[in-house]
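Bear in mind the structure is a predicted one, so any value in this text is a computation, not a measurement.
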Amino acid sequence: MARLADYFIVVGYDHEKTGPTEGLGKIIQRFPQKDWEDTPFPQGIELFCQPGGWQLSKERKQPTFFVVVLTDIDSERHYCSCLTFYEAEINLQGKEIEGEEESGLIPPAEVFAPKSLVLVSRLDYPEIFRACLGLIYTVYVDSLNVSLETLIANLCSCLVPASGGSQKLFSLGAGDRQLIQTPLHDSLPVTGTSVALLFQQLGIQNVLSLFCAVLTENKVLFHSASFQRLSDACRALESLMFPLKYSYPYIPILPAQLLEVLSSPTPFIIGVHSVFRNDIHELLDVIIADLDGGTIKIPECIHLSQLPEPLLHQTQMALSLVLHPDLETADYAFPPPRTALSHSKMLDKEVRAIFLRLFAQLFQGYRSCLQLIRIHAEPVIHFHKAAFLGKRGLIENDFLTKVLNGMAFAGFVSERGPPFRTCDLFDELVAFEVERIKAEEGNPPKMIKHVRELAEQLFKNDCSSSEEYNIAAALLPLTTAFYRKLAPGVSQFAYTCVQDHPIWTNQQFWETTFYSNVQNQVRSLYLSAKDDNHAVQLRQKEKNSVVSDQDKTAMDLAAEQLRLWPTLNKQTQQELIQNEESTVFSQAIHFANLMVYLLVPLDTSKNKLLRTSATGDWESGSNSIVTNSIAGSVAESYDTESGFEDSENNDVANAVVRFITRFIDKVCTESGVTQDHIKGLHCMIPGIVAMHIETLEAVHRESRRLPPIQKPKILRPALLPGEEFVCEGLRVLLDPDGREEATGGLLGGPHILPAEGALFLTTYRIIFKGTPHDQLVGEQTVIRSFPIASVTKEKKITIQNQLQQSMQEGLQITSATFQLIKVAFDEEVSPEVVEIFKKQLMKFRYPQSIFSTFAFAAGQTAPQIILPKQKEKNTSFRTFSKSIVKGAKRAGKMTIGRQYLLKKKTGTIVEERGNRPGWNEDDDISVYPYLDQC
């Protein structure tokens, strides 16, 4: 965990000190007053708050926001978010102001001085800091009844994870809600839309020139009239270097007082305001990029090395296809419908994916040239540059030679050289996808498909997706609408089948869904009010309205009501207040019931809320600005009031009551519900929980009596003469493997994949046999097999569930016969059984002697492997058979067991061998072994 903000600083205009040509800034306040031990206070922050200089103005300018990046002596970056606004000042000293040539006394309130609110953090969350500073500024300017000290204290005391993809919901204490989405991997840069914006400003060729300049350690300088555009451009150019890291001076916004830094002999990435364009054009060894004009200037004394061919051409083509998707079909006489660009955030990730593929091609095989020097105390690894260039045939390539000799690549080797470390997307790309990238050369559709796959992964790292919330919210009304009757008076609703998902224990989900539903209900309230008697006058005033009522949003209706509020009498106003209060209160009751349904498990001994959600997890997601004394007292007194004697049920009830009461306490207080209604809800919740637990007891009892789900019959394959089964078939799902055959794609034909069946291992082959999952295909049999001797690779994979079943893991087996088997194991197949299967596969694939192969050993009896007992969902065959036997004993009829024992003694039942020709393919697996175990 890391602090969200290390320091909050207020910087203002210093009326006592002045510079040679302009004013100076000074730190007015800072929080905390003492420096953190792990984070020193940034010196000279007042220079960066006003990079163009501290100047008075005769007009009140609009507030501005930008992010400055400072680097300390330990190469740690500090992100300083600056919100600057102007306050009226009394100028009694004749200060020169911006836009005023003559100096002298100026009447009061005609001079405005800048003041900056600054947040210093080691975390890069510009949009979150913009929102927090905007809230503090609003409270300060509008003199709201909220303590500024409370806001700042909450901000500086907030802790967030550095990475992992988790969400953090917090409040500054002004009725706000701030949501932080941490990246999945801290090694991958987070760019937002900055990369796409850089290409939009400069174009493909200019950005590629800047990319090559940075990799070959040249000086790059941006200039623009926008400070935020400078920050975005520097961020974008640096992110294109991934997996390399820039190790030279990186100053996205350089103040006017520090322009002499541009004469530094070291490479750099720096941004300056366009006001200083005349000063920077005198630099002879700096590549200058004009973001506003879309041009770059490369001095004649700089020889800029370019990417080697054909990588340069391939990269340009890929960027053109992504940024200009209609270019390929522009000359068609009958062009297809216009191809729409991806949205800005996804377009940003697609461009980054192209450069990620580029580095995978540039550095392919780099690990074979690593030389280990030391292991302890820290690994020391050397990179054999000559060997790498020789293997690639690029010894004389100027660009790659400069890259390998640069500091960025040295850091790359020291960071990614050790064989035991955390891997990321680039490592997977270099290890597994280089051959795919080569195969996609000259095939734009496949290349674009791969680019979009990588872009999806980059997008998931950057952005939080609300799809899960939307799906869960849409599912809520269905969970209480569908049910099945188990017995007279006992019905099982659909919510008992989806309770295991962690979304239901997410406090943020419930809050988001509640506020969305309340907004819809309030909108419906005022739309229906158009027909009320007190709304007749409102209808007459709105005759000429262009927008129909049904098209109005909640905000449109709110604006209309606020405008008409002063014209309404007291009685009408009170009616509206009561209607809104009733609407929110009824929704709170509705959501309390929904939460009870989805939080109380069908089997109270399996309390998911207690076991998987620590108290701190959902409490930290709430950050309520009100006390939870009511919720606490209700939960504490529940043991004595509920009447439950079972400790397990008490644990379940207490956990659910605490969770719901905290939710009600927060949303109702923020929604303005009266305390009497909140207290009534708190007293109501324990009774709802108790009644629901009592109802579920009968549902759970009846659900256990249900027969097991009937799965498709396992079909045994026909064997060749001399071929024998090594182990019984494992129930699997044959998944499509990327080829269009049998998937009903462009090649047409029936959609027979995925198919349900079993995977068999014999002394000669691996065989899948089953039936299509799509029942409309017909009674067809799906068979896929190849010899064990042709197996080239088998690996464990994870297959996305397509049939709404719980698949534990998957297995992909490839062969030299251009065939592939990609299966997902059913839930009844345990991991131990899968491991035994894989070991037997390797045993027959690599026998100890050539005479053990099928060609020589055909006809010999192979010992059949006895697999461990496999788990069954719901009632197993064994349990079912035991129940039958017990029932027969009570009735005095032992026909099943006695007949089976009699036949077994007399030899009537003969187990058929799998090597007999003409094996009946439609025979099902016998249930006798299960009865034998009873």
Side-chain angles (χ1 to χ4, degrees), residues 135 138-139 142-147 171 173-177 510-595 622 624-631 633-634 660-685 687-688:
L135 180 63
T138 302
V139 171
D142 296 342
S143 301
L144 300 181
N145 189 22
V146 179
S147 171
S171 171
D176 62 308
R177 294 190 303 159
W510 288 108
E511 292 179 16
T512 303
T513 310
F514 174 81
Y515 290 129
S516 178
N517 279 28
V518 168
Q519 175 178 278
N520 294 336
Q521 292 297 322
V522 171
R523 178 177 178 273
S524 301
L525 173 67
Y526 285 102
L527 286 177
S528 61
K530 296 291 183 180
D531 297 329
D532 294 344
N533 293 331
H534 73 268
V536 174
Q537 295 180 353
L538 305 184
R539 269 204 320 275
Q540 293 176 351
K541 293 181 180 180
E542 298 295 332
K543 282 181 186 178
N544 300 324
S545 178
V546 178
V547 181
S548 66
D549 292 339
Q550 296 301 326
D551 294 335
K552 289 183 178 180
T553 64
M555 288 300 179
D556 295 333
L557 293 172
E560 175 186 325
Q561 291 297 320
L562 292 174
R563 177 173 60 83
L564 297 174
W565 179 262
T567 64
L568 303 177
N569 56 49
K570 294 292 184 181
Q571 181 180 358
T572 304
Q573 290 180 350
Q574 193 63 30
E575 288 180 5
L576 294 177
I577 294 174
Q578 292 297 330
N579 290 339
E580 291 186 8
E581 169 85 10
S582 300
T583 299
V584 178
F585 182 63
S586 62
Q587 283 297 307
I589 296 176
H590 175 59
F591 268 75
N593 281 278
L594 287 177
M595 295 175 75
S622 176
S624 179
I625 60 174
V626 296
T627 60
N628 291 323
S629 58
I630 301 177
S633 62
V634 171
I660 300 176
T661 48
R662 291 180 189 275
F663 164 80
I664 293 296
D665 194 22
K666 185 176 190 307
V667 297
C668 288
T669 304
E670 292 183 356
S671 302
V673 178
T674 61
Q675 288 298 318
D676 291 339
H677 280 166
I678 295 177
K679 291 180 180 178
L681 278 172
H682 286 317
C683 296
M684 185 189 306
I685 292 170
I688 298 174

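- Residues E670 and Y515 have side chains that bring a donor and an acceptor to within less than 3.5 angstrom of each other.
- Taken to the nearest 0.5 Å, the CD atom of Q675 stands 11.5 Å off from the NE2 atom of H677.
- The shortest heavy-atom contact between V673 and I678 is O-CD1, 3.7 Å.
- Using a 4.5 Å cut-off on side-chain heavy atoms (C-beta onward), L594 and W510 make contact.
- Each of I685, I660, I664 was checked for a side chain to side chain contact (heavy atoms under 4.5 Å, CB included) with M595, and the lone residue meeting it is I660.
- Distance check: N517 CG to T512 OG1 gives 11.0 Å after rounding to the nearest 0.5 Å.
- Residues D665 and H682 form a side-chain contact, since some pair of their non-hydrogen atoms from C-beta on lies under 4.5 Å apart.
- Under a 3.5 Å cut-off, the side chain of D142 and the backbone N or O of L144 do not form any donor-acceptor pair.
- One finds the CD atom of Q578 at 8.5 Å from the OG1 atom of T674 (value rounded to the nearest 0.5 Å).
- Looking at heavy atoms from C-beta onward, L576 lies in side-chain contact with L568 at the 4.5 angstrom threshold.
- No side-chain donor-acceptor contact under 3.5 Å links T669 to the backbone of K666.
- Distance check: D676 CG to L681 CG gives 11.5 Å after rounding to the nearest 0.5 Å.
- Of all heavy-atom pairs spanning G173 and V146, the tightest one is O-CG1, 3.9 Å.
- Using bins of under 30°, 30° to 60° and over 60° for the plane-to-plane angle, the ring pair F514/F591 lands in the perpendicular bin.
- The main-chain N or O of W565 is found under 3.5 Å from a side-chain atom of Q573 such that the two form a donor-acceptor pair.
- Put simply, the residue from R523, Q587, E580 that forms a side chain to side chain contact (heavy atoms under 4.5 Å, CB included) with V518 is Q587.
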